[in-house]
Amino acid sequence: MPAPTSSLKRLVVGRPFRSDTLGETLLPKWLALPVFASDPLSSVAYATQEILLILSIGGLAYLTLAPWIGLAVAVLLTVVVVSYRQVVRAYPSGGGSYEVASKNLGSSAGLVVAGALMVDYIMTVAVSVASGVDNIISAVPQLNGHRIGLDIGFIVLLTAMNLRGIRESGRTFAIPTYLFIGGVMLMIVLGFGQLAAGHAPVAESAGYDVRPEQAGLTGLALVFLLLRSFSSGCTALTGVEAISNGVPAFRKPKSANAARTMTAMGAIAVVMFGGITALAMVSGVKIAENTCDLTGFRGNCASAPQRTVISQIAAAVFGGDHAVLFYFLQATTALILILAANTAFNGFPLLASILAQDRFLPRQLHTRGDRLAFSNGIIALALVAGILIFAFDGSTTRLIQLYILGVFTSFTLCQAGMVRHWNRELATAAEARQRRLIRRSRLINALGAVLTAIVLVVVLITKFTHGAYLVVIAIPVLWVMMRAIHRHYRHVREELQADDESELLPSRVHAVVLVSTLHKPGQRAIAFARATRPDTLAAITVNVDDADTRALQRQWEQRDMKIPLKVLESPYREITRPVVAHVKNLRRAGPRDVVCVYIPEYVVGRWWENLLHNQSSLRLKGRLLFEPGVMVTSVPWQLHSTGRRDLQRVRPLPGDTRRGITRGRRAPDPADAGCGGEFRR
């Protein structure tokens with residue numbers, strides 16, 4: 001009978017996949033788009049809102065500048081997408097920005113990119129889920145008091161889905177992604193159709209006025225406001241690099257399919273972002289960071305939430321906030337924003353796996369789970385994102401200040417690395433046509449590097465005091481941590497190098513069997529120790545209770561045990577210290593000798609039984625493992641409760657019979673045999 005935890009795991013995660021079925025999990029382009037591009041596609045739902053939020057600080061007049069800022073963001077998005085198409089083709093192994101920077105700018109630059117990307121992925125989960133819950137609250141304001149609970153619940157749900165495997169989670173998330181794209185496109189078409197017919201949509205906040213926090217901005221103050229608004233709008237670019245990290249998950253030809261998917265993602269994102277920004281201006285949407293700055297706001301500005309920009313446009317275009325299409329778009333927007341975190345749930349584990357393979361992160365992050373997903377990376381991402389949600393009260397506005405600094409750090413270093421890559425390619429290219437193509441590629445990446453570097457500086461300056469300083473601290477901390485992990489693995493590898501001295505046999509082997517009473521587990525340990533034929537063999541017991549010790553000595557003499565019993569005195573009733581001292585004395589007598597300590601242990605079948613047994617042996621083993629020249633051998637004794645955990649009771653996996661695989665088949669029973677000893681069918 002399987003354990004309750006095992007049954008729960010199978011229910012949540014599903015049955016395990018064999019390693020040789022990894023190829024069956026590869027993604028076609030239509031499925032890879034929602035898996036890897038849901039973040040940049042969903043960013044259009046709040047990128048326009050972030051532009052308007054910052055411009056509203058200066059007052060109503062500055063909102064007219066939103067289209068120009070939106071145009072600048074769209075141009076930058078196009079350049080970055082074109083640049084990353086070249087990354088996908090040049091580096092198809094899945095390292096993305098990290099691999100490009102490491103190979104062309106050095107290991108240190110690569111780790112800066114890795115740290116920036118990890119911060120970006122964590123923030124993607126936190127911001128996407130928080131923004132999705134904002135849209136749910138826009139449709140159902142009564143849920144405002146349960147914001148953090150909803151955020152954490154959705155993170156748990158996403159974690160469970162991704163633990164089931166990339167292909168299965170992709171199928172689940174594909175429908176909401178395509179429904180969101182269809183809903184936004186329909187809203188844009190209907191909105192511009194109404195505008196062309198002379199009935200422009202009017203947002204519920206069109207009649208509001210905005211009380212400026214800083215009135216009459218001119219000169220450098222105005223430039224700073226515009227740059228800050230532009231940097232907030234650049235959230236539309238988050239997640240663009242995820243496809244370059246996920247190339248190995250595509251079907252063959254991997255690079256070509258990944259490049260086409262990136263092109264489709266860029267085109268769809270630019271059209272949706274441009275359409276939403278234009279409709280926001282046409283419908284007269286007003287929004288402010290502080291609700292009480294909206295003059296004319298209906299309701300209690302101290303507690304009632306504002307509707308998001310996209311929900312206001314949807315209500316204006318679809319005929320009110322009770323229309324079916326309004327609820328449809330709100331539902332799909334909330335879903336796509338929450339599922340946008342799936343981009344990070346696919347990108348972060350892949351990046352962590354590559355870093356672990358390069359010995360910059362713990363090796364456990366390189367291991368695939370039951371469903372061939374990088375389970376440890378998925379769980380780690382969920383935990384950190386959940387902590388951020390809790391720490392920032394699930395506020396999208398507060399979280400988003402930490403968001404795009406890491407994105408543009410990786411963008412800039414990646415594009416600079418690609419310029420150096422093309423310089424090397426140009427030095428070896430012989431044909432004139434090939435050299436022209438390389439020069440064109442270098443120009444594209446150089447333009448991308450310059451533009452993203454400018455944006456990086458703008459983001460750093462405009463968002464530093466609003467929370468971006470935390471990212472400035474986090475990336476160097478991650479860099480130092482990864483360096484320290486790499487240094488540890490290198491030292492361990494050097495220390496464990498094979499040499500001639502390690503092949504020398506020990507002079508003698510001293511066997512020590514720990515006994516507390518003379519019972520079956522102790523007898524088995526003694527028998528096993530004798531079977532190994534050590535040079536010396538003795539049983540030891542610690543005198544914690546005089547009466548028990550004398551009883552053991554009498555039993556020892558009555559049964560005429562073949563090995564001596566040594567009693568270790570313990571005036572303070574301690575077990576570990578006398579045993580360790582005895583073992584050390586044996587080692588001092590012969591430095592080239594080996595001491596092997598045999599410890600009988602109970603094996604139990606129920607989790608709570610572990611609390612009742614083996615506690616002393618665990619402490620003792622933990623101490624002896626630090627002693628050089630000492631081997632610790634556990635001699636198990638299975639109690640009856642382990643019968644329910646019989647390892648032979650393993651059900652065959654699907655397809656095992658077809659492959660000719662048998663798992664844990666029980667021994668033949670004579671009652672099952674017919675004539676000639678064959679098994680009955």
Side-chain angles (χ1 to χ4, degrees), residues 41-53 55-56 60-74 77 131-132 134-141 176-210 229 233 236 267-288 294-299 305-337:
L41 291 177
S42 69
S43 297
V44 303
Y46 54 80
T48 300
Q49 176 171 309
E50 293 305 315
I51 292 174
L52 296 178
L53 277 171
L55 289 177
S56 66
L60 197 60
Y62 296 103
L63 295 181
T64 57
L65 299 172
W68 299 104
I69 295 173
L71 178 62
V73 172
L77 175 59
S131 182
D134 282 349
N135 278 272
I136 292 175
I137 293 172
S138 290
V140 189
T177 302
Y178 286 115
L179 288 177
F180 169 73
I181 294 172
V184 172
M185 292 298 188
L186 177 63
M187 182 182 72
I188 292 171
V189 170
L190 289 179
F192 280 105
Q194 293 169 10
L195 178 64
H199 304 288
V202 179
E204 65 178 38
S205 61
Y208 295 177
D209 194 5
V210 178
S229 177
I268 294 170
V270 167
V271 170
M272 291 198 301
F273 173 70
I276 290 172
T277 303
L279 285 178
M281 302 309 300
V282 167
S283 62
V285 171
K286 308 293 190 308
I287 193 166
L294 293 174
T295 304
F297 179 78
R298 301 182 186 92
Q306 300 176 64
R307 278 210 170 101
T308 59
V309 167
I310 194 170
S311 66
Q312 291 190 46
I313 297 172
V317 171
F318 294 139
D321 56 5
H322 294 290
V324 173
L325 285 176
F326 168 79
Y327 281 109
F328 168 78
L329 186 61
Q330 285 304 106
T332 55
T333 301
L335 276 174
I336 187 63
L337 283 168

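Bear in mind the structure is a predicted one, so any value in this text is a computation, not a measurement.
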Nearest atoms (heavy-atom pairs only) where Val73 meets Ala236: CG1-CB, 4.1 Å
Which pair of heavy atoms, one from Leu52 and one from Leu63, lies closest together, and at what distance? O-CD2, 3.8 Å
Output for pair (Ser42 OG, Ile181 CD1), nearest 0.5 Å, gives 10.5 Å
Between atom CD1 of Ile287 and atom CG of Leu294, what is the distance when rounded to the nearest 0.5 Å? 8.0 Å
Is the shortest side-chain heavy-atom distance between Thr332 and Val184 below 4.5 Å? no
Do the side chains of Leu65 and Tyr62 get nearer than 4.5 Å, heavy atoms only? yes
Nearest heavy-atom neighbours spanning Gly183 and Leu329: C-CD1, 3.7 Å
Can you tell if the side chain of Ser283 reaches within under 4.5 Å of the side chain of Val202, non-hydrogen atoms only? no
In residues 312-321, what donor-acceptor pairs under 3.5 Å come from side-chain atoms, sequence neighbours left out?
unit_1, atom_1, unit_2, atom_2, d
Gln312, OE1, Ser205, OG, 2.4
Gln312, NE2, Arg307, O, 3.1
Asp321, OD2, Arg307, NH1, 3.2
Asp321, OD2, Arg307, NH2, 3.1

To the nearest 0.5 Å, what is the distance between OG1 (Thr177) and CD1 (Ile268)? 10.5 Å
Is the shortest heavy-atom distance from the side chain of Ile51 to the side chain of Ser229 under 4.5 Å? yes
side-chain contact (heavy atoms from CB on, under 4.5 Å) partner of Pro201, chosen from Val285, Val282, Leu190: Val282
Quick one, Asp209 and Lys286 - any side-chain contact, counting heavy atoms below 4.5 Å? no
Let's go through Phe180 and Val44 carefully: what are the C-alpha distance in whole Å and the side-chain angles of both, what is the deciding distance for side-chain contact (heavy atoms from CB on, under 4.5 Å) to 0.1 Å, and is it a yes or a no? CA-CA 11 Å; Phe180 169 73; Val44 303; 4.2 Å; yes
For Ala200 against Leu195, the heavy-atom pair lying closest together: CB-CD1, 3.7 Å
Could you pull out all donor-acceptor pairs under 3.5 Å where a side-chain atom in residues 269-279 meets a protein atom, sequence neighbours excluded?
unit_1, atom_1, unit_2, atom_2, d
Thr277, OG1, Thr48, OG1, 2.8
Thr277, OG1, Phe273, O, 2.9

Hey, what do you get for CE (Met187) to CZ (Phe328), rounding to the nearest 0.5 Å? 11.5 Å
Between Gln49 and Val309 (side chain of the first, backbone of the second, donor and acceptor by atom type, cut-off under 3.5 Å), is there such a pair? yes
Any non-hydrogen side-chain atom of Thr295 less than 4.5 Å from a side-chain atom of Val210? no
Reported CD1-to-OG1 distance for the pair Ile136 and Thr308, which is rounded to 0.5 angstrom: 11.5 Å
